[in-house]
Amino acid sequence: MTATLHAYLGYRDATAALRWLEKAFGFETTMEVPDGNGGVMHAEVRYGDTSFTLFTDNDGYDRPGRNGETVGHGLYFAFETPAEVDAIYARASAAGAEVVWRPELSEWGNYRCRVADPEGYEWTFGTYRPGLQTLS
């Protein structure tokens, strides 16, 4: 079976979120459809071979607060090298991302960092590829 996984996120200010994601992470907005109210009905964002969608949250969806250091969910991007993780961390930090975890090696061998965007979504960047690697 072949399948792909794509996340979708609702932002209170999706237009500002798109511009921030482009600046902070180097993401590319490949589609942006306005909703007629100054927001975004549908947008598609790409980084390398990964993509996700986002839209303007006009309904005020609940968002979990942090319990301890994290909200307990987010999006994860796998990179080839620790240098790539360091580079995106530096770029995100310069753009004002809230640092959740500075780049470091985890107990299971994942060199990773985690930051939160201005609306609180957490983004993790690491070298471990879930489903493709096994722990030794």
Fellow cluster residues of Met31, listed by chain then number, with links counted only when side-chain atoms sit under 4.5 Å apart: Val33, Met41
Between Trp123 and Tyr47, is the ring centre distance below 6.0 Å? no
Test of understanding: clusters of I, L, V, M, F, W, Y form through side-chain heavy atoms closer than 4.5 Å, transitively. Do Phe27 and Leu18 belong to the same one? yes
Before giving the answer on side-chain contact (heavy atoms from CB on, under 4.5 Å), spell out for Asp57 and Tyr11 the whole-Å C-alpha distance, their side-chain angles and the decisive distance to 0.1 Å. CA-CA 5 Å; Asp57 171 8; Tyr11 279 91; 5.8 Å; no
Salt bridge or not between Glu119 and Arg63? Use side-chain N to carboxylate O under 4.0 Å. yes
Would you tell me whether Thr127 and Arg112 have side-chain atoms, one donor and one acceptor, within less than 3.5 Å of each other? no
Once the angle between the rings of Trp20 and Phe25 is folded into 0 to 90°, is it parallel (under 30°), tilted (30 to 60°) or perpendicular (over 60°)? perpendicular
Between Glu32 and Arg19, is there a salt bridge with N-O shorter than 4.0 Å? yes
All pairs passing salt bridge (charged side-chain N to carboxylate O under 4.0 Å, His left out) where residues 37-48 contributes a residue, at least two apart: Glu28-Arg46
Partners passing side-chain hydrogen bond (donor to acceptor under 3.5 Å, both in side chains) against Thr53 (at least two apart in sequence or in another chain): none
Using side-chain contact (heavy atoms from CB on, under 4.5 Å), reason through Tyr8 and Leu54 one step at a time and then give a plain yes or no. CA-CA 5 Å; Tyr8 61 93; Leu54 64 83; over 6 Å; no
Tyr128 ring center near Phe79 ring center (under 6.0 Å): no
Start with the C-alpha gap between Tyr89 and Val99, add the side-chain angles, then the distance that decides, and say whether side-chain contact (heavy atoms from CB on, under 4.5 Å) holds. CA-CA 9 Å; Tyr89 174 80; Val99 175; 3.4 Å; yes
Show the nearest heavy-atom pair for residues Phe125 and Val85, with the distance to one decimal. O-CG1, 3.5 Å
Got Thr15 and Asp13 here, is their nearest side-chain heavy-atom distance under 4.5 Å? yes
Any side-chain heavy atom of Phe77 sitting closer than 4.5 Å to one from Thr124? no
With side chains defined as the heavy atoms from C-beta onward, is the minimum distance between Asp86 and Tyr111 less than 4.5 Å? yes
In this structure, OG of Ser93 is separated from CD of Glu98 (nearest 0.5 Å) by 11.0 Å
Can you name the closest pair of heavy atoms from Thr30 and Val45 and give their distance? OG1-N, 4.4 Å
Any Lys/Arg nitrogen of Arg66 or Glu122 sitting under 4.0 Å from an Asp/Glu carboxylate oxygen of the other? yes
What's the spacing between Lys23 NZ and Arg91 CZ if we round to 0.5 Å? 10.0 Å
Measure the CD-CG distance between Glu104 and Asn110 for me, rounded to the nearest 0.5 Å. 10.0 Å
So how far is it from Thr56 OG1 to Asn37 CG, rounded to the nearest 0.5 Å? 9.0 Å
Could you measure the distance from the CG atom of Leu21 to the CZ atom of Phe52? Nearest 0.5 Å is fine. 5.0 Å
Spacing of CG belonging to Asp35 relative to CZ belonging to Phe55, to within rounding of 0.5 Å: 11.0 Å
